[in-house]
A.B. asks: 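I am attaching a structure below and will ask some questions about it afterwards.
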Amino acid sequence: MITIIDYGMGNLRSVQKAFELFYPNVRISSSCEDVLSSNKIVLPGVGAFGKAMEELRKRHLAKAIKEAIEKGRPFLGICLGLQLLFSESEEGGRVKGLGVLSGKVRKFKNVGKLKIPHMGWNRIRNVTDGAGPAILNGVPEGSYMYFVHSYVVEPKDKDVILCETDYGETFASGIENDNVRAFQFHPEKSQSVGLRIIKNFVEL
Amino acid sequence: MLTKRIIPCLDVKDGRVVKGVKFLNLKDAGDPVEIAQVYDREEADEIIFLDITASFEKRQTMLDVARRTAETVFMPLTVGGGIRSLEDIRDLLNAGTDKVSINTSAVKDPELVQKASEKFGSQCIVVAIDAKRRDESGKSGWEVYINGGRTPTGIDAVEWGKKVEGLGAGEILLTSMDMDGTKNGYDIELTKTFSESLSIPIIASGGAGNLEHLREVLVDGKADAALAASIFHFREYSVRETKEYLKTKGVEVRI
């Protein structure tokens, strides 16, 4: 069973539809038990960081997610689901995140010169050595993915960065740390290359 | 680098595509879902459905269209037309729409833009502006029209754009009423003025007749995205052909 975590931040139906292309048992749930009993978990979400953390805590999901990650369950974060993994965000003051990864979430540099949100299709560049990670199997180098966001993550440990993207600066658009993988873009909205990432995650 | 987006737009009435859309080899060329699938295969960057259903009772059909589209098409979908409340927005988002476009209701109730962006996030709130060049002497710029372009508001379009940006709109869908339907090209000056005055993305609309028009509005007009309807629907150009043309002209597109 794959559980897509519902914490009241956005429509999850299209995320679920994308996973259902590759796996029959995909549920949307806000229950801690469901999170802890799943083989794999997905944390999607759009919206404000502070509100998202509040909703996760209110439903005791913050603890359940960390527990599932510590148990080694494959985890996929999408968009806000990437940002929430970090220690803190400067969105709306200083808000504490899940703290699964060290580092912060901050505004784009050069904000005055850029259109914000960073919205549309941009390339990802694999920055790992060797054959490349399984999650990016079959995803050609320089593939375009669909982004919508105003903040970026700045991991303390650069080794967790899987891929980068350029928008006024170079930022981490994907991370991987053991069983945790997360992307700033929306694989479920990125047509065939995006769906390939979802397939790879399902097949991990 | 972020690419310029090419966005086909379909007018949908009572769940059916209106105005002649010439697609070959489709089981049902009036079904917006089938046409969305074609544009998905051609790698359009997004798709917009504009609901022009008149009767309130039949508006539910758009939710069904959105739902069926989200089942099979994995690219961003925007729905606009007749959205009046937070409930309307929520229903569309729950049906699988990624963004909603608000026009008349935003003018009548600017608070809706603010509440909607706070509740659902700026990224899914597009404000559509129908702008018409002022022709009276002594006045310059463009005026906002509502109710499908029938009602002038007296509001300056650029000021209105700045205001909705402040209220939390994530993007502007800017239609030139002067150029719409002419096939003589987009209003470059209008688009450029918006793009330089606002810091959120601008989708240019109205007037596309050939591929050079798209290049002009993306480069000279500084638009972030170009919307077109008839040139795609009548198969004068495919989305792929359009992108290939733009690429040879040095415009960054996803291809």
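Being a predicted model, the structure only gives us computed values, none of them experimental. Within every chain, numbering begins at 1; the chains are lettered A, B, ... in the order of the sequence lines, protein sequences first and strands thereafter.
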A.B. asks: Looking only at heavy atoms and a cut-off of under 4.5 Å, which of A:E20, A:H118, A:Q16 has the most pairs with chain B?
C.D. replies: A:H118
A.B. asks: What are the two closest non-hydrogen atoms of A:P117 and B:P201, and how far apart are they?
C.D. replies: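 Closest approach of A:P117 to B:P201, heavy atoms only: O-CG, 3.9 Å.
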A.B. asks: Measuring only between side-chain heavy atoms, which start at C-beta, is A:D166 closer than 4.5 Å to B:M1?
C.D. replies: no
A.B. asks: When the side chains of residues 215-226 of chain B are checked against the rest of the protein, which donor-acceptor pairs come out under 3.5 Å, sequence neighbours left out?
C.D. replies:
| residue | atom | partner | partner atom | Å |
| --- | --- | --- | --- | --- |
| B:R215 | NE | B:E212 | OE1 | 3.2 |
| B:R215 | NE | B:E212 | OE2 | 2.9 |
| B:R215 | NH2 | B:E212 | OE2 | 2.8 |
| B:K222 | NZ | B:E196 | OE2 | 2.8 |
| B:D224 | OD2 | A:K115 | NZ | 2.6 |
| B:D224 | OD2 | B:I202 | N | 2.8 |

A.B. asks: If I measure from the heavy atoms of chain A, does B:A44 come under 4.5 Å with its side chain, its backbone, both, or neither?
C.D. replies: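 The backbone, not the side chain.
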A.B. asks: Counting heavy atoms not belonging to A:K107, are there more than 12 under 6.0 Å from its NZ?
C.D. replies: no
A.B. asks: Drop me the distance from B:D98's CG to A:E188's CD, to the nearest 0.5 angstrom.
C.D. replies: 8.0 Å
A.B. asks: So for B:E43, is it side chain, backbone, both, or neither that comes closer than 4.5 Å to the heavy atoms of chain A?
C.D. replies: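 For B:E43, the contact with chain A is made by backbone and side chain together.
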A.B. asks: Using a 4.5 Å heavy-atom cutoff, which residues in residues 123-131 of chain B come close to chain A?
C.D. replies: B:Q123
A.B. asks: Check the surroundings of atom NZ in A:K158: do more than 12 heavy atoms from other residues, nucleotides or ligands lie under 6.0 Å from it?
C.D. replies: yes
A.B. asks: Nearest 0.5 Å, what's the CD1-CE distance between B:I203 and A:M119?
C.D. replies: 7.5 Å
A.B. asks: Tell me if the CZ atom of B:R84 is crowded by more than 12 foreign heavy atoms within 6.0 Å.
C.D. replies: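 Incorrect, the count does not exceed 12.
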A.B. asks: With no hydrogens and no angle check, is any side-chain donor or acceptor of A:W121 less than 3.5 Å from a backbone partner on B:R5?
C.D. replies: no
A.B. asks: So which part of A:L21 gets closer than 4.5 Å to some heavy atom of chain B, the side chain, the backbone, both or neither?
C.D. replies: side chain
A.B. asks: Measuring heavy-atom distances to chain B, does A:A18 have an atom under 4.5 Å in its side chain, in its backbone, in both, or in neither?
C.D. replies: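 Both backbone and side chain of A:A18 come within 4.5 Å of chain B.
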A.B. asks: Taking heavy atoms only and a threshold strictly under 4.5 Å, list by residue number the residues of residues 69-82 of chain B that touch chain A; give 'none' if the list is empty.
C.D. replies: B:A70, B:E71, B:F74, B:M75, B:P76
A.B. asks: Can you check whether B:D40 reaches A:Q191 side chain to side chain, under 4.5 Å on heavy atoms?
C.D. replies: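 Counting from C-beta outward, B:D40 and A:Q191 do come under 4.5 Å.
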A.B. asks: Pick whichever of A:L114, A:L12, A:L195 has the most heavy-atom pairs under 4.5 Å with chain B.
C.D. replies: A:L195
A.B. asks: Counting neighbours of CD on B:Q60 that are heavy atoms of other residues, nucleotides or ligands and sit closer than 6.0 Å, is the number greater than 12?
C.D. replies: no
A.B. asks: Identify the heavy atoms of B:L2 and A:N122 that sit nearest to each other, and give their distance.
C.D. replies: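 Answer, listing the atom of B:L2 first, then A:N122: N-ND2, 3.3 Å.
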A.B. asks: More than 12 foreign heavy atoms under 6.0 Å from NZ of B:K192: is that the case here?
C.D. replies: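 For B:K192, atom NZ is not crowded (no more than 12 foreign heavy atoms under 6.0 Å).
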A.B. asks: For a 4.5 angstrom cut-off between non-hydrogen side-chain atoms, does A:S150 reach B:S122?
C.D. replies: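 With C-beta onward as the side chain, the pair stays apart.
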A.B. asks: Which residues, numbered in order, of residues 238-255 of chain B come under 4.5 angstrom of chain A by heavy-atom distance?
C.D. replies: B:E252, B:V253, B:R254, B:I255
A.B. asks: Where is the tightest heavy-atom contact between A:I116 and B:I200, given as atom of each residue plus distance?
C.D. replies: O-CG2, 3.4 Å
A.B. asks: Between chain A and each of B:N94, B:L198, B:T97, count heavy-atom pairs under 4.5 Å; write down the option with the most.
C.D. replies: B:N94
